[in-house]
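Right, one structure below, let's go through it.
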Amino acid sequence: MSGWRAMAKARHVAIIMDGNGRWAKKRHLPRAVGHQRGVEAVRTVVRAAREMGLEALTLYAFSTENWRRPEDEISALMGLLKRYIISDIDEFVANNVRLKVIGDYTALPADVVTLIDDALARTAGNTGTWLVIALNYGAQDEIARAATRAAAKGPITPATIEAELDTAELPPLDLLIRTSGEVRLSNFLLWQAAYAEMWFTEVLWPDFKPEHLLEALDAFAKRERRYGGR
Ligand code: IPE
Ligand code: IPE
Ligand code: MG
């Protein structure tokens, strides 16, 4: 290939939103306040992603391992999730945002499940940016569920598994961001990350701004993706 390369535009960005607890601790505030400020960051970043014309934004909100946290923290997180959906659903509807949940969200408290089902139904006809929320999501669980469904239909191949993943209808993952300085995947999108570009920042999630998303997208545009070729 010649030196010419188009500035690549990311279609699908995923974020491991980490550091709410440390943000609160630094300020001698309860962890719940960190999660609350985390929701504010979600709201701003979702708006920015929509305005930037991203095709899909996937946010890691609650992992299959987060059930290991104390009960009061889990219920605070569920309460915040409920309030976020209730307050922002009209905005999603008005702005053509398509909501999607990955992970087995049916294991969440019944009132949360009902709220999610209603929100999914209300945005099902939308055609704009996908807002994908990972809830009770673990990539190992996702792959196991996908493999089970693939096996029931015929031979298992990478393609038949991929077709059964929770993300099957989304564009391929281009860019995976993790905040708070941790450099690990924590069971997030293990399959989809095979050839995704990674971007890590020390910024704690409540401090994450649209300018950080832009910084990550800029870095992405300068990367050369080879997919094993040359
Ligand atoms: C991320 O912040 C939010 C969730 C995992 C739900 P944390 O709560 O993990 O914050 P730290 O990692 O303890 O700072
Ligand atoms: C990953 O963060 C999960 C979410 C952001 C929802 P964690 O804080 O749970 O990850 P670990 O435990 O540090 O790996
Ligand atoms: Mg964490």
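Atom set for the values below is all heavy atoms of this structure, side chains included, hydrogens, waters and symmetry mates excluded. Both counts, for ligands and for their atoms, begin at 1 and track the order of listing. Quick caveat, the model's predicted, so the values are computed rather than measured.
- Taking 2.8 Å as the threshold, Glu182 does not count as a candidate ligand of the Mg ion (ligand 3), since none of its N, O or S atoms lies below it.
- The shortest separation from a heavy atom of Arg22 to ligand 2 is not under 4.0 Å, leaving the residue out of contact.
- With a 6.0 Å radius and a threshold of 12 heavy atoms from other residues, nucleotides or ligands, Gln140 has its CD atom at or below the threshold.
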Could you walk me through whether Arg122 and Asp118 satisfy the salt bridge (charged side-chain N to carboxylate O under 4.0 Å, His left out) test, starting with their C-alpha distance in whole Å, then the side-chain angles of each, then the deciding distance to 0.1 Å, before giving a yes or no? CA-CA 6 Å; Arg122 285 191 61 196; Asp118 175 62; 5.0 Å; no

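- Contact check on Lys209 versus Glu211 returns no salt bridge, with no Lys/Arg side-chain nitrogen under 4.0 Å from an Asp/Glu carboxylate oxygen.
- In terms of protein heavy atoms, atom 14 (O) of ligand 2 is closest to Ser186 OG, 2.6 Å.
- In terms of polar-atom proximity, Leu77 is not counted as a contact of ligand 1, lacking any N or O under 3.5 Å from an N or O of the ligand.
- Looking at Lys25 against ligand 1, nothing comes within 4.0 Å, counting heavy atoms.
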Begin with the C-alpha distance, continue with both residues' side-chain angles, and end with the deciding distance and a verdict on side chain to side chain contact (heavy atoms under 4.5 Å, CB included) for Thr167 and Trp191. CA-CA 10 Å; Thr167 53; Trp191 182 289; over 6 Å; no

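- Residue-ligand proximity: Ser180 is placed with every non-hydrogen atom at 4.0 Å or more from ligand 1.
- In this structure, Glu40 pairs ionically with Arg43, as a charged nitrogen and a carboxylate oxygen lie closer than 4.0 Å.
- Here Phe62 has backbone heavy atoms under 4.0 Å from ligand 2, and that is the only part of it that gets that close.
- Contacts between Arg68 and ligand 2 below 4.0 angstrom, taking non-hydrogen atoms only, are absent altogether.
- Between the CD atom of Glu142 and the CG atom of Asp166 there is a distance of 4.5 Å, given to the nearest 0.5 Å.
- Every atom of ligand 1 is numbered from 1 in the order shown, and the set under 4.0 Å from a heavy atom of His35 is 3 (C), 8 (O).
- Annotation: the span from Asn187 atom CG to Glu65 atom CD amounts to 4.5 Å, rounded to 0.5 Å.
- Contacts between Arg178 and ligand 2 below 4.0 angstrom, taking non-hydrogen atoms only, involve the side chain exclusively.
- Residue Ala61 touches ligand 2 through its backbone alone, judged by heavy-atom distances below 4.0 Å.
- Checking Asn66 against Ser63 by side-chain atom types alone, a donor-acceptor pair falls below 3.5 Å.
- Regarding atom 9 (O) of ligand 2, its nearest protein heavy-atom neighbour is Asn66 ND2, 2.9 Å.
- Salt-bridge formation is not detected for the pair Glu169/Arg98: no Lys NZ or Arg NE/NH1/NH2 atom is positioned less than 4.0 Å from an Asp or Glu carboxylate oxygen.
- Within Asp18, OD1 is the N, O or S atom that lies nearest to the Mg ion (ligand 3).
- Looking at atom 10 (O) of ligand 1, its nearest protein heavy atom turns out to be Gly21 N, 2.9 Å.
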Apply the test side chain to side chain contact (heavy atoms under 4.5 Å, CB included) to residues Leu165 and Ile143: give CA-CA distance (whole Å), side-chain angles for both, the deciding distance (0.1 Å), then the verdict. CA-CA 7 Å; Leu165 292 174; Ile143 294 166; 4.2 Å; yes

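- Here Asp111 contributes atom CG and Ile116 contributes atom CD1; the two are 9.5 Å apart, rounded to the nearest 0.5 Å.
- Below 3.5 Å of separation, one finds no N or O of Glu182 facing any N or O of ligand 2.
- Classified by interplanar angle (parallel below 30°, tilted 30° to 60°, perpendicular above 60°), the ring pair His212/Phe208 is tilted.
- At the shortest separation from atom 2 (O) of ligand 1 among protein heavy atoms lies Asn20 N, 3.2 Å.
- In this structure, atom 5 (C) of ligand 2 lies nearest to the protein heavy atom Met17 O, 3.4 Å.
- The part of Arg184 lying near ligand 2 is the side chain, judged by heavy-atom distances below 4.0 Å.
- Note that atom 12 (O) of ligand 2 has no protein non-hydrogen atoms nearby, at separations under 4.0 angstrom.
- Ring planes of Tyr227 and Tyr195: tilted class, angle from 30 to 60°.
- The shortest N or O to N or O distance between Trp23 and ligand 1 is not under 3.5 Å.
- Nearest protein heavy-atom neighbour of atom 7 (P) of ligand 2: Arg69 NH2, 3.8 Å.
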